[in-house]
Structures are given as C-alpha cells and as structure tokens.
Peer 1: 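Here it is, the structure in full.
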Amino acid sequence: MKKIILKKDFPAVGEKPAAKYRIRYGEELNEAQYRAVMHTEGPALVIAGAGSGKTRTLVYRVARLVEDGVYPESILLLTFTRKAAREMLRRAAALLDERTERVSGGTFHSFANLVLRRYAELLGFDQNFSILDRGDAEDVVGIVREEYGSANRTKMFPKKETLTAMISMAVNKLEPLEILISRDYPHFADLTIEIESLARDYVAYKRRNNLMDYDDLLVHLSALLEDFPEVQQALSKQYGQVMVDEYQDTNALQARIVRRLGGASRNVMVVGDDSQSIYSFRGASFRNIMDFPHQFPGCVLITLEENYRSTEPILDLTNEIIARAEEKYPKRLFTRRIGGDRPMLVAADGEHAQSRFIVQYILEEREKGTQLDDIAVLFRAAYQSFDLEIELTKSGIPYVKYGGFRLMETAHVKDLLSHLRVVHNPRDTVSWRRVLLLLPGVGPHGVERVIARIADGLDPFSPGSEEQLGKLVPAAAIAELFETLHAIRPHGLGLVDRMSLALKHYEPLLKTKYDDYPKRLKDLEMLVNISAGYETLEHLLTVLALEPPNESVVDITPNDHRERLTLSTVHSAKGLEWGAVIVMYLVDGRFPLASAAASPQEMEEERRLFYVACTRAKRNLVLTYPMNIFDRYTGTVLSKPSRFLEGIREDLVERFVVAET
C-alpha cells in the first residue's frame with residue numbers, strides 16, 4: 001500500500017492554480033483535500049477525520065473531474081441517502097456549472113435498480129419486477145410463515161417482522177442464518193431449521209411472483225457482476241470513475257459490488273472514517289474500510305486531519321480516546337481554533353444527581369446566551385435518558401428526542417404502569433383494559449364485560465369480586481393476575497419492591513408479546529430504578545401523568561420556531577454538531593454496554609461510539625457519570641467509570657464532583 005506524503009509540490013494557498021481550471025483548487029482546499037481532489041488514476045482511500053470537510057472534498061473532486069473533461073455520466077457517486085447525493089451535486093453545480101448535475105449520483109439501491117431494469121432477464125426476472133418495501137416484505141414473509149407457525153403451536157414462532165429482520169441481516173452480512181440466530185436470537189435457536197426453510201421458501205415466492213425486496217437489489221446486482229463478465233465489463237467501462245461516500249458504513253455485499261465495479265481501471269475512490277464505524281447492528285462491516293488497501297493493491301492513502309468543527313482542547317481529548325483503539329488508521333486531528341475550555345468530567349452520586357446536574361448546566365448555558373438548539377445530551381441507549389426527561393419536564397425545558405421512544409410512548413412501559421394504576425385506582429377502566437388484554441385466553445369481548453361490571457360500581461378488590469370476574473373471562477388467568485395485584489397493594493411496601501413484583505408478573509407476558517423482549521426488559525428495569533426516586537406510588541404516577549416527559553416535546557412543524565434541547569442516542573447524532581455537548585451515563589455497563597464485554601470487536605465499536613459522541617462538540621464538552629447504580633438485570637452495583645475514561649491525562653479534562661446541598 002502506498003501512502004501519500006504531503007510535500008509542497010502542489011499549488012499552495014495564495015499561488016495561482018493551473019490556468020485550465022476555473023476553480024482555484026489550490027487556494028480553496030487544504031493540502032490533504034487538494035491531494036484527494038486532484039487524484040485521478042487508480043484506487044484511493046480517503047480517511048476523513050471528524051469535521052475535516054469530507055463532503056467539501058467530494059464536491060470539489062466531482063467538479064475537478066468534469067473540468068478535466070470526464071463525461072459527467074461516467075462518474076458514479078454512491079451515497080447512503082438520495083438527499084446526500086442531490087446536495088453534493090447541487091453544490092458542485094454551484095461551484096462549476098450545470099454539467100455536474102448529469103453525474104450518476106445516488107444510493108447503492110437506486111443504482112442497483114437502474115442496472116437490474118436493463119439486465120433482469122439474465123437473472124430470470126422480467127424487467128417490470130416489483131420492489132417490496134419493508135412493510136410489503138413483512139407481509140410476504142407472513143404469508144410464507146403461516147404453515148410454519150401453525151406447525152409449531154407448542155413453541156413461540158418468531159413474528160413476521162422478526163423473521164424479516166433476521167433474513168435481511170443475514171443477507172447484508174453474507175452470513176449463514178444459523179450463525180446469526182445463535183448470536184443475535186438465541187431464544188429462537190431451537191427453531192433454526194424451520195427458519196432456514198422459511199427463508200428459502202421466501203426467496204422462491206419472490207422469484208415466482210417477479211418480486212424483489214430492498215436487499216434483493218444488492219443481491220442480484222452482485223450476482224449480475226459476478227456471473228456475467230460481459231455485464232461487469234460493460235458497467236466498468238461505462239463508469240470510469242467511481243466514488244463512494246461513508247465507506248465505513250457499507251456492508252459486505254456493498255463492498256463486493258464496489259470491487260466488481262472497479263474493473264480493469266480500478267478508478268475507485270472511497271471516503272470514510274474507520275473511527276466512526278458504528279453501525280454493525282445494521283450490517284455495516286468495519287473490515288470493509290480496513291481491508292480496502294488489500295482488496296485494491298497499489299491503493300493511495302490520503303488522510304484528512306484538519307478539523308473545522310471543534311476547539312483544540314476537545315480535539316486533544318478525542319485524539320487520546322481513539323489512539324487506544326486496537327486497529328485503526330493513524331491520524332491526529334488538529335485545528336486552527338486555538339484556545340477554549342477543557343472538557344469537563346463530572347461525577348455524580350447517582351442517576352438522579354446526574355440528571356439534576358445536567359439540567360442545571362443547561363440552564364446556566366442558556367443564561368450565558370447559548371440557544372437550546374445548540375445544546376445536545378447524548379447517551380448510549382434510549383432508555384438511559386428516561387430519568388433526565390422527567391427532570392427536564394419539571395424545569396420546563398423543551399426538548400426533542402432522537403433514537404428510540406420517549407418514556408411514556410412505549411407500549412411495554414404503559415403495560416407495566418397499568419398494573420400499578422389499577423392498584424392505585426381500582427376504577428381506572430383504561431388501565432384495566434390494557435392489563436386484561438395481556439392475559440392469555442382473554443379476548444376483547446370478555447374484557448368489555450369485565451369493564452362494564454367495574455363501571456357499574458364493582459370494586460375489583462372487594463371479597464368475592466375475583467370469583468365474579470372469573471365467570472366473565474378465564475378464571476385461571478384472573479387468579480394469577482390478582483395474586484400479583486394483591487401482593488403490590490400494601491401501602492407499607494416500598495415502591496421499588498412494588499414495581500419489581502409487577503415486573504416479575506409482566507416479564508413472561510412481555511416475552512410472549514414481543515420478539516425483542518430483551519431490549520424492552522432493559523427499559524423496564526430502568527423504570528424500576530427511576531421509581532427509587534419517589535416516596536409513594538401516587539407521587540410517581542402523578543408526575544408521569546401530569547408532567548409526562550413526552551408532553552414537553554411539541555411536534556416540529558414548519559411554523560414552529562421554538563428552540564429545543566436535543567436528546568439523542570449517539571447513533572442518531574452521527575453527522576451532526578452542537579456548540580455544547582453533554583455525554584451522560586459514562587459508567588461501565590452502560591457506556592460501554594455490559595453486553596459488549598464478551599466480544600473484543602463489539603468493545604472496539606463501543607470505543608468508536610464514544611469517540612463519535614465527543615467529536616460532535618464544537619465549543620464545550622461535558623462528560624458525566626453516576627456512581628453506585630444498581631443493575632437489576634445482573635444484580636450488581638455499577639460504580640466503575642467507563643473504561644474509556646481510564647488513564648485520561650489530567651491536563652486533558654477538568655474533574656468535578658456534584659455536591660448537592
């Protein structure tokens with residue numbers, strides 16, 4: 001692999017660029033960007049550090065190729081969204097002229113569709129094949145699933161949505177279903193043979209009916225390029241210059257397509273950042289960007305290291321974080337924005353103290369003139385913000401949340417709380433309806449009969465009521481429910497104990513109702529933790545009813561210009577930036593997640609997630625962690641700061657401890 005050494009052998013800033021160019025590339029780009037833009041022949045890998053002007057580099061390269069006389073139609077720009085492609089080509093047109101708008105830009109899937117419409121018959125499809133969106137694909141899987149589900153009445157067969165997700169992930173990772181199920185869906189491992197058979201029947205159904213789902217577009221394009229050399233040669237000749245954005249987010253199938261499109265000329269430039277490879281759960285492969293130089297021998301490596309987003313102290317810390325990655329392309333981000341405050345590292349006594357500190361910090365920043373729109377709180381998983389959402393609502397701070405659902409919007413949270421609501425208010429027919437419909441063998445008609453009796457004045461907890469209700473719906477189901485409800489009724493029982501008893505009853509129902517119950521269970525365990533901050537059941541239910549977190553989030557409309565704080569998972573924050581960023585819950589077991597400890601690869605991705613979170617900050621970065629958090633799933637106390645904070649030099653952060661009075 002050849003590596004570019006930056007020398008002063010190109011137009012420096014202020015020098016007059018070559019006369020044939022209308023655009024002053026040497027003046028308008030930094031040294032590394034200029035190298036990437038002027039590269040023409042052979043493969044190139046551009047490692048674009050966070051905030052280093054990746055999009056600008058791609059836009060200028062498109063313009064430069066067109067200025068050099070390359071036919072716009074022969075330039076293929078592959079991006080991950082149509083919006084990204086349109087924006088890049090619009091900017092290129094504004095930079096040069098309308099010729100750049102004829103560049104072949106789009107997503108992998110839109111490009112695949114274009115090619116397959118021309119060559120579908122080679123693969124045994126008609127050119128007028130229909131494309132199934134995700135909902136359509138789930139419906140087809142549901143049709144195929146009927147015979148498998150009916151044949152497994154003694155076992156809980158996966159729902160159509162879960163099966164579709166399994167099949168899709170296996171396809172995109174080029175991974176056998178058996179391996180995927182054993183790793184990601186171990187609770188369905190005993191149904192592996194049936195699921196594999198269903199997947200084959202799903203493929204056959206689509207072929208019989210001239211259908212392709214979203215993943216098939218990539219599957220069949222890959223097959224076309226591999227099984228029909230004449231097509232591969234024609235496409236490689238047609239697209240003499242191939243560029244791929246966000247290459248670290250490509251999956252194994254997309255990387256295979258890129259290799260085939262390179263053809264004999266191998267004029268392929270991929271742009272991305274290995275340190276921001278964080279989407280393995282979607283099928284993205286970290287190996288794609290790391291192995292690119294081996295797949296394209298003679299590849300030129302260009303690294304963009306000048307950061308235009310963050311202050312120097314923030315970059316000093318983020319460089320330290322990613323320097324400890326096991327495998328990476330060496331780079332050290334730098335900036336000309338000298339000065340600024342060091343990142344804050346704040347320890348709080350517990351989750352509630354952490355939330356109260358964050359609210360206080362936000363209010364202080366607001367008083368200093370920082371708009372709420374320019375502040376973000378980031379977290380590893382959506383459930384980790386639930387306690388903070390309650391505190392924000394109490395303080396009247398409006399916010400919008402990205403990634404996951406807000407606390408009171410989740411069906412499983414509503415399910416659990418309904419058990420407590422009927423204990424608190426036996427005449428709450430809305431909650432009774434929700435609780436009863438969860439029970440096995442209880443249908444809508446029976447539920448309505450029970451609701452009618454309660455509405456007529458029957459006290460469900462009075463002597464003899466349980467027997468009366470047992471005549472309206474299956475008595476066994478009612479008996480089990482009331483055993484739990486009676487257990488959590490005593491006023492002297494602690495709120496955490498009452499919540500835990502309700503969860504113990506609900507957990508088997510949760511597993512039956514949701515295929516992704518392990519993730520939902522984490523939400524409910526967090527809700528139990530939140531309850532520890534309230535003295536009584538009435539207090540908790542009142543806060544959630546009168547000040548529900550989601551009520552502070554007004555739907556964004558074109559006419560709504562109110563400023564809002566941003567709450568976001570790190571995954572949803574990638575590509576965005578804010579003046580002030582708070583990264584919360586930096587305790588081992590939460591960030592990184594405890595589940596990542598068993599896999600070195602997953603732990604490395606957790607490190608990259610932390611890096612992505614910190615590099616979102618422009619001026620101020622605050623890292624917080626609570627101490628002494630009880631994890632009900634493992635039965636342990638989480639008190640160790642995130643391993644990613646270990647060994648951080650004292651001069652890189654300012655350390656604080658929350659002292660509440």
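Keep in mind that the numbers below use all heavy atoms, side chains included, and drop hydrogens, waters and symmetry copies.
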Peer 1: Does NZ or CZ of R607 fall inside the cone over F610's six-membered ring, less than 6.0 Å from its centre and within 45° of the axis?
Peer 2: no

Peer 1: Restricting to non-hydrogen atoms, name the atom on A613 and the atom on V583 that form the minimum distance, rounded to 0.1 Å.
Peer 2: CB-CG2, 4.0 Å

Peer 1: For F591, is there any backbone N or O sitting under 3.5 Å from a side-chain donor or acceptor partner on S642?
Peer 2: yes

Peer 1: For the pair Q33 (side chain) and N30 (backbone), establish whether a donor and an acceptor sit closer than 3.5 Å, ignoring hydrogens and angles.
Peer 2: yes

Peer 1: Determine whether the side chains of Y585 and Q354 contain a donor N or O and an acceptor N or O closer than 3.5 Å.
Peer 2: no

Peer 1: Could you tell me the separation between the CZ atom of R366 and the CD atom of E563, rounded to the nearest 0.5 Å?
Peer 2: 4.0 Å

Peer 1: Scan side-chain atoms only and decide if K401 and S385 contain a donor-acceptor pair under the 3.5 Å cut-off.
Peer 2: yes

Peer 1: Establish, from distance only, whether the side-chain atoms of E605 and Q601 form a donor-acceptor pair under 3.5 Å.
Peer 2: no

Peer 1: Side chains of E365 and T370: is there a donor and an acceptor less than 3.5 Å apart?
Peer 2: yes

Peer 1: Under the side-chain contact (heavy atoms from CB on, under 4.5 Å) rule, what do T303 and K331 come out as? Steps first, then yes or no, please.
Peer 2: CA-CA 7 Å; T303 305; K331 61 178 174 295; 3.8 Å; yes

Peer 1: Using the side-chain contact (heavy atoms from CB on, under 4.5 Å) rule, take F334 and E312 through it: C-alpha gap first, then chi angles, then the decisive distance, then the call.
Peer 2: CA-CA 7 Å; F334 67 92; E312 187 176 39; over 6 Å; no

Peer 1: What I want to check is whether the side chains of N307 and S52 have a donor and an acceptor closer together than 3.5 Å.
Peer 2: no

Peer 1: Looking at every heavy atom in both D387 and S355, which two are closest together, and how far apart are they?
Peer 2: OD2-OG, 2.6 Å

Peer 1: Which heavy-atom pair separates A84 from T81 by the least distance, and what is that distance?
Peer 2: N-OG1, 3.0 Å

Peer 1: Can you name the one residue among H571, R590, M584 that meets side chain to side chain contact (heavy atoms under 4.5 Å, CB included) with R380?
Peer 2: H571

Peer 1: What's the shortest heavy-atom distance between A48 and V271, and which atoms?
Peer 2: CB-CG1, 4.1 Å

Peer 1: With a 4.0 Å cut-off on N to O distance, would you call K54 and D245 a salt bridge?
Peer 2: yes

Peer 1: From T79 OG1 over to D249 CG, what is the distance, rounded to the nearest 0.5 angstrom?
Peer 2: 12.0 Å

Peer 1: With ring centroids as reference points, do Y247 and F292 lie under 6.0 angstrom apart?
Peer 2: yes

Peer 1: What closest approach, in Å, do R619 and D374 show between heavy atoms, and which atom pair accounts for it?
Peer 2: NH2-OD2, 3.0 Å

Peer 1: Verify the distance criterion only: is there a donor paired with an acceptor across the side chains of E389 and Y399 at less than 3.5 Å?
Peer 2: yes

Peer 1: So, does E305 use its side chain to make a donor-acceptor pair with the main chain of R332 at under 3.5 Å?
Peer 2: yes

Peer 1: Give, for atom CG of D373 and atom OG1 of T566, the distance between the pair rounded to the nearest 0.5 Å.
Peer 2: 7.0 Å

Peer 1: Taking atom types as modelled, find out whether Y25 and E67 have a side-chain donor-acceptor pair closer than 3.5 angstrom.
Peer 2: yes

Peer 1: Check E306 against R336 and note the closest heavy-atom contact, atom names and distance.
Peer 2: OE2-NE, 2.8 Å

